[in-house]
Amino acid sequence: MSQHELAPSEIRFLQEALSADYNISNIRLREGEYQYDLARTIASFQLELQFPDVKDIIKRLSGEEKTNDIQFIRKIQTILKKMEKSNIVKILPKKKPWELQRYALLSFKLQDSDKNLIVLATDQQIEQAKNMLSSVLS
């Protein structure tokens, strides 16, 4: 993933996600399931102040080889679309028409359909990301 300057809308989105309280979703998030692993992977990118596309997510989650598997990519995109409808992720607009869609968490703290509280980043990790964001803004 290439490192680029954050757009004002991306900065605002990061600030909101980093300061958000528990988001309530209507799907289950359990360790070891795709939704949970995808959310955790997107969280790791966002803590680095990046917004991954589906291939970035797959590469970090499953390795380079899986990024060439079109059926797997479609499966992950379908899951991500369901996660967007469930108020977990947001699909960001493309910067250029040929680019893949990018994804972002709405919050690092979630409540799933089973009323379980899911924390995808510690307070310390969130604070570090806020500090990194502050230094980018300076």
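- You'll find the side chain of Tyr34 reaches within 4.5 Å of the side chain of Ile76, heavy atoms only.
- Without hydrogens or angle criteria, Ser62 side chain to Lys59 main chain gives no donor-acceptor distance under 3.5 Å.
- Between Gln111 and Asn23 there is no side-chain heavy-atom pair separated by less than 4.5 Å.
- One distance of note links CG of Leu106 with CD1 of Ile24; it measures 13.0 Å at 0.5 Å rounding.
- In this structure, the side chains of Leu133 and Gln15 come closer than 4.5 Å at one or more pairs of heavy atoms.
- Across every non-hydrogen atom of Thr122 and Gln125, the tightest pair is N-OE1, 2.8 Å.
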> Can Arg102 and Glu10 be said to form a salt bridge (Lys or Arg N to Asp or Glu O under 4.0 Å), step by step?
Replying inline: CA-CA 11 Å; Arg102 296 172 307 130; Glu10 294 172 330; 2.7 Å; yes
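- Between Asn26 and Ser86, the side chains place a donor N or O and an acceptor N or O closer than 3.5 Å (distance only, hydrogens not considered).
- Residue-environment remark: NZ (Lys85) stays at or below the threshold of 12 foreign heavy atoms within 6.0 Å.
- Within the 4.5 Å cutoff, the side chain of Glu84 has no heavy atoms near those of the Leu80 side chain.
- The shortest side-chain heavy-atom distance between Met83 and Tyr103 does not fall under the 4.5 Å cut-off.
- Counting side-chain heavy-atom gaps under 4.5 Å among Ile, Leu, Val, Met, Phe, Trp and Tyr, Trp98 is found in no cluster with other residues.
- Judged purely by atom type and a 3.5 angstrom limit, Asp114 has no side-chain atom pairing as donor or acceptor with the backbone of Asn116.
- Residues Val136 and Leu49 share a closest heavy-atom pair of CG2-CD1, 4.0 Å.
- Put simply, the side chain of Leu117 does not reach to within 4.5 Å of the side chain of Leu110, judged on heavy atoms.
- A donor-acceptor contact shorter than 3.5 Å is absent between the side chain of Thr67 and the backbone of Lys55.
- Between atom CD1 of residue Ile126 and atom CD of residue Gln124 there is a gap of 11.0 Å, rounded to the nearest 0.5 Å.
- A distance of 10.0 Å separates CG of Leu120 from CD of Gln46, quoted to the nearest 0.5 Å.
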> Stepwise, does the salt bridge (Lys or Arg N to Asp or Glu O under 4.0 Å) test hold for Arg60 with Glu48?
Replying inline: CA-CA 13 Å; Arg60 190 171 281 188; Glu48 299 167 7; 3.1 Å; yes
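- You'll find the side chain of Gln101 stays beyond 4.5 Å of the side chain of Leu92, heavy atoms only.
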